[in-house]
2 protein chains.
Amino acid sequence: MNAKTTPLLSLTPLEKTPAQGVNLWVYHSLRRALMCGQIEPGLPLTIRGLAELMHVSPMPVREALHRLTCEGAVEVRDNRRVMVPQMTAARFKELYELRIVLETHAAESALPYCRPEHITELERLDALIDLAYQHSDTGEGSLANQEFHRYLYQRNPFQVAVPLIESIWLQLGPFVRFAKSKLTQHYRIDRHKEALQALRQQNAFALRRAIEADIRDGLASIQAVEGIHEHFKEQALSA
Amino acid sequence: MNAKTTPLLSLTPLEKTPAQGVNLWVYHSLRRALMCGQIEPGLPLTIRGLAELMHVSPMPVREALHRLTCEGAVEVRDNRRVMVPQMTAARFKELYELRIVLETHAAESALPYCRPEHITELERLDALIDLAYQHSDTGEGSLANQEFHRYLYQRNPFQVAVPLIESIWLQLGPFVRFAKSKLTQHYRIDRHKEALQALRQQNAFALRRAIEADIRDGLASIQAVEGIHEHFKEQALSA
DNA sequence: TCGATATAATTGTGATCACAAATTTTCTAA
DNA sequence: TTAGAAAATTTGTGATCACAATTATATCGA
């Protein structure tokens, strides 16, 4: 195996569950590793290398990589090499703007379907976020945060936006994780509380504002990281 | 091959180009067939069946189907059968709303990058749409319409919304094509002209309004089709 | 004839192989 | 020592196979 992929030694596969099948297990493990910033952007991922690392045949890895490609999490270069793209400032900005557009829409579309028991569950999920941050576990905090948002948006049984939102999260994941590892403290206004209040009041405007503010707060905390801008790849205009 | 898949006999693969590779050719052929309503919703697609029909081995078909699954164009059922989902009224509505949300945003984000030569090209693309409709070729008209929108949004070199928008188009494609086949005449306000004017004036508000009106006009024309509502699948709430 | 069971066939997934393309390593000449 | 060419190795894609799961067909009994 090419030494350039040794950063993958930090890859921690999820527990194997037989019901899931190798295919899904590989996908979820890679997805998790990617979201947690365990895969170095710019380094080529090889099918056989990952298969060896995860003790599976190349087929499920191949399919998982293709799926992650489809979701925007990894990109295929001209030489057919697959890798996590390096983040550029402009793309980062576009992804965050799109996140706001999509998530405020998804939240509002879910509003009519939110029942008191849903709000109770959201409160529980929000408490899990607080717990993670109390333990200074930003990885768990991020995943719990996503679970909160995902649960909310999926209260709409006809919701079609979630796969799109997940794709944006995936694309932002590595860089956000890196940035958050530089944070020395996590002080946050709990916009989720504001969202919950808006849900109780069935106030669409307030809900959109809370979700947007939540996302912008997250963006601001990343931008406040000293020297973060130097970690963006020099951006090149499309050919 | 299972007789239930015989509707695929209407599948017209694109011309094979060696530079493209079998994989991409199969994908683009299936994508095109799907978008043009050549694949009956609800009927199972089999890998080997399609491979035989397209004179390729099952591998490229398998990967193309998985990619189309990822893009929301087809869905995998519990029994692992892949098929084009039947459209429900609620999902149709959500997809159109999301289309408006995404495309108005994408257009606005492209606005600062639009040059006179881009507007000239958009005029040319708009003329192609008119030409298609003059020939009563709604299939070509739809594809040309998409090309107009795609070109516009991609004027922003950092645009990240287009794969998401394409996914929505893909999901809407079969039903829209079916609905348009029932239209006896195509009278449309040319919202593209309004969009072009907004671009010339660098007027973001007017641009958003034109794109939104364009999409809503398209929606209205479909809803005006007599009996169209009876072609939606009975909707079931998520378990 | 109908329903249940058994058998046969089909299907998607994972494994493995072959090959062209891409990359790395080795060799040679200046 | 360096640059270029040749050779060796690796890589992704497409082909094919095996197997468990699913579906279709045949058989049997009431």
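Convention: sequence-line order gives letters A, B, ...; per-chain numbering from 1. As the structure is a computational prediction, the values presented were derived from the model and not from experiment.
- Rounded to whole Å, atom P of D:dG14 lies 18 Å from atom NE2 of B:H55.
- Atom-to-atom, CE of B:M59 to P of C:dG12 comes out at 13 Å; the value is rounded to the nearest Å.
- Comparing C:dT13, D:dT13, C:dG14 by their nearest atom to the side chain of A:I47 picks out D:dT13.
- Protein atom CG of A:N23 is 18 Å distant from nucleotide atom P of D:dA20, rounded to whole Å.
- A:H66 has a side-chain polar atom (N or O) that falls below the 4.0 Å cut-off from OP1 or OP2 of D:dT13.
- If you measure from atom CD of B:E63 to atom P of C:dG14, you get 13 Å, rounded to the nearest angstrom.
- Nearer to the 5' terminus of DNA chain C, by closest-nucleotide assignment, is the contact made by B:L65 (compared with the other of A:P58 and B:L65).
- Between A:V82 and A:L68, every side-chain heavy-atom pair lies at or beyond the 4.5 Å cut-off.
- The side chain of B:T46 lies closest to C:dG12 when the candidates are C:dG12, C:dG14, C:dT23.
- Atom CE in B:M54 sits about 12 Å away from atom P in D:dG14, given to the nearest Å.
- Taking 3.5 Å as the limit, the base of C:dG14 and the side chain of B:R62 contain a donor-acceptor pair of atoms between them.
- Distance alone, capped at 3.5 Å, places no donor-acceptor pair between the A:Q159 side chain and the A:A110 backbone.
- Whole-Å rounding puts the B:L24 CG to D:dG12 P distance at 16 Å.
- In this structure, B:H149 and B:H192 have side chains that are in contact, with non-hydrogen atoms separated by less than 4.5 Å.
- In terms of phosphate contacts, B:N79 brings no side-chain nitrogen or oxygen within less than 4.0 Å of OP1 or OP2 of D:dA21.
- At least one donor-acceptor pair closer than 3.5 Å links the side chain of B:S167 to the backbone N or O of B:E71.
- One can place OH of A:Y27 at 15 Å from P of C:dT13, the figure rounded to the nearest angstrom.
- Between A:F175 and A:F232, the angle of the ring planes stays under 30°, which puts this pair in the parallel group of the 30/60° scheme.
- Checked by distance alone, B:R48 brings a side-chain donor or acceptor within 3.5 Å of a matching partner on the base of C:dG12.
- As a whole-Å value, the separation of A:R80 CZ from C:dA22 P is 6 Å.
- Each of A:R81 and A:P60 has a nearest nucleotide on DNA chain C; the 5'-most of these lies closest to A:P60.
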